[in-house]
**Student:** 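The structure is given below, and queries will be raised subsequently.
In listed order, ligands and their atoms are each counted from 1.
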Amino acid sequence: MYTRIDGKEVSASVRNAITEKVNDLKAKGVTPGLAVIIVGNDPASRVYVNNKKKGCEQTGMNSFEYALPEETTTEELISLIEKLNGEKDVHGILCQLPVPKHIDEEKVLNTISPDKDVDAFHPVNCGKVMTGDYTFAPCTPAGMVEMLKYYNIPVAGKHCVIIGRSNIVGKPMAMLMLKENATVTVCHSRTENLAEITKQADILVAAVGRPKFVTADMVKDGAVVLDVGINRMEDGKLCGDVDFDAVCEKTSYITPVPGGVGPMTITMLLKNTLAAAENTF
Ligand code: NAD
């Protein structure tokens, strides 16, 4: 028998705690505010931005949307961010990715003040995650750690295998799991004998971006499986990186897609926005 980790339940519990703290700050005259920048008309980005705004509203924070046309230049975007860096009511700034191809994404992300970089993408904040002493936790990995804690799943001393080495999921997840005293292995597209390694995992994290990539023969009996993947299938349905139906019976805990890791990411963004506002005192 396995437990299906309920990301919506964990998320609701964290959001309740955030709302209480937002109310405390409001009583002191400060309302946490998040500036959300979206460039162009990508429908998926629009959904994410709407959900971020909804999250702010639900927890009592302000959100400020800046919807810019597709043809916005890097310079125009940078000058908006520089303006927001100086605004007192804006505690967090995020630029929804991906930006159109002609925009220099790295330059844009590096312009966001590290004190307002609630996505934790700025090199300063990436560096802080590396040292383990940070204000802004990388949202998707932090969401997974929060889920492990909510379900009292032991991490210290366990072998955590992460498939994927991206800057926003795989690498920061490795840092957070090290901070929790796990033994960490990071696998990627050039890893040899992948299944031999994943079969050793007490906690297996899949962040590959390929539907049903993790099959039952890659999972140890009793493993905890966290599925980061969000893959849109031809029928429009979402599918994770794990073949859930084939794998679930082997696991002790597993996250579904949708309803697992996904709901946690925006919640951790809200938590970072709260932290940014608290930091101004
Ligand atoms: P990415 O494309 O940047 O990285 C994918 C990683 O998978 C790479 O490091 C690559 O080395 C590895 N990989 C590719 N093929 C492999 C193979 N055959 N064997 C082993 N490793 C392989 O993707 P990402 O940004 O880390 O996102 C991964 C998935 O997670 C995507 O589906 C994305 O949509 C999803 N995602 C979800 C959330 C969330 O909130 N739940 C957040 C970010 C990303």
Side-chain angles (χ1 to χ4, degrees), residues 5-11 14-15 36 42-52 54-55 94-99 105-106 109 118-121 126 129 136-148 160-177 184-201 204-215 217-219 225-234 236-244 254-272:
I5 294 180
D6 185 342
K8 285 189 189 156
E9 182 184 321
V10 186
S11 182
V14 177
R15 285 190 192 201
V36 185
D42 179 53
S45 291
R46 175 38 70 192
V47 172
Y48 287 128
V49 164
N50 288 349
N51 287 338
K52 287 168 189 181
K54 219 184 284 170
L94 75 85
C95 182
Q96 184 64 45
L97 300 180
V99 286
E105 182 180 300
E106 194 184 343
L109 295 181
V118 283
D119 264 335
F121 289 163
C126 296
V129 169
F136 301 134
C139 297
T140 302
M144 285 188 268
V145 172
E146 198 76 40
M147 290 198 294
L148 292 168
C160 174
V161 176
I162 300 162
I163 321 177
R165 58 175 162 184
S166 70
N167 287 337
I168 62 167
V169 186
K171 280 189 217 165
M173 185 61 181
M175 293 304 129
L176 297 201
M177 292 309 272
V184 178
T185 303
V186 180
C187 302
H188 47 81
S189 52
R190 306 288 286 271
T191 297
E192 292 179 1
N193 304 322
L194 181 66
E196 293 306 313
I197 301 169
T198 59
K199 262 193 295 198
Q200 296 170 32
L204 180 60
V205 178
V208 190
R210 291 187 183 203
K212 301 188 182 180
F213 180 81
V214 175
T215 46
D217 58 313
M218 296 168 74
V219 178
V225 175
L226 305 177
D227 188 352
V228 186
I230 302 177
N231 307 294
R232 177 86 50 196
M233 307 304 281
E234 273 174 12
K237 285 191 181 150
L238 291 183
C239 167
D241 287 347
V242 177
D243 186 351
F244 187 94
I254 182 168
T255 61
V257 177
V261 176
M264 293 302 298
T265 299
I266 294 180
T267 297
M268 302 320 284
L269 172 79
L270 299 171
K271 200 172 174 183
N272 283 346

**Student:** Which distance, rounded to the nearest 0.5 Å, do you find between the NZ of Lys52 and the CG of Leu269?
**Tutor:**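 Between atom NZ of Lys52 and atom CG of Leu269 there are 6.0 Å.
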**Student:** Check each protein residue for a heavy atom under 4.0 Å from ligand 1 and list those that pass, ordered by chain and number.
**Tutor:**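 Within 4.0 Å of ligand 1, the protein residues are Thr140, Ile163, Gly164, Arg165, Ser166, Ile168, Val169, His188, Ser189, Leu194, Ala207, Val208, Gly209, Arg210, Phe213, Val228, Gly229, Ile230, Asn231, Val261, Gly262, Thr265.
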**Student:** Looking only at heavy atoms, what is the nearest atom pair of Val118 and Asn272, with distance?
**Tutor:**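 Looks like O-ND2, 2.9 Å.
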**Student:** Can you sort out the partners of Arg232 under side chain to side chain donor-acceptor pair (under 3.5 Å), two or more places apart, ordered by chain and number?
**Tutor:**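 Applying side chain to side chain donor-acceptor pair (under 3.5 Å) to Arg232 gives none.
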**Student:** If you take all heavy atoms of Arg210 and Asp241, which pair is closest and at what distance?
**Tutor:**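 Where Arg210 meets Asp241 most closely, the heavy atoms are N-OD1, 3.0 Å.
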**Student:** Suppose we screen for side chain to side chain contact (heavy atoms under 4.5 Å, CB included). Which residues come up paired with Ile168, at least two apart in sequence or across chains?
**Tutor:**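 Testing Ile168 for side chain to side chain contact (heavy atoms under 4.5 Å, CB included), a comparison that skips the adjacent residues, returns Phe121, Ser166.
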**Student:** According to side chain to side chain donor-acceptor pair (under 3.5 Å), who are the partners of Asp119, at least two apart in sequence or on a separate chain?
**Tutor:**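 Counting only residues at least two positions away or on another chain, Asp119 forms no side chain to side chain donor-acceptor pair (under 3.5 Å).
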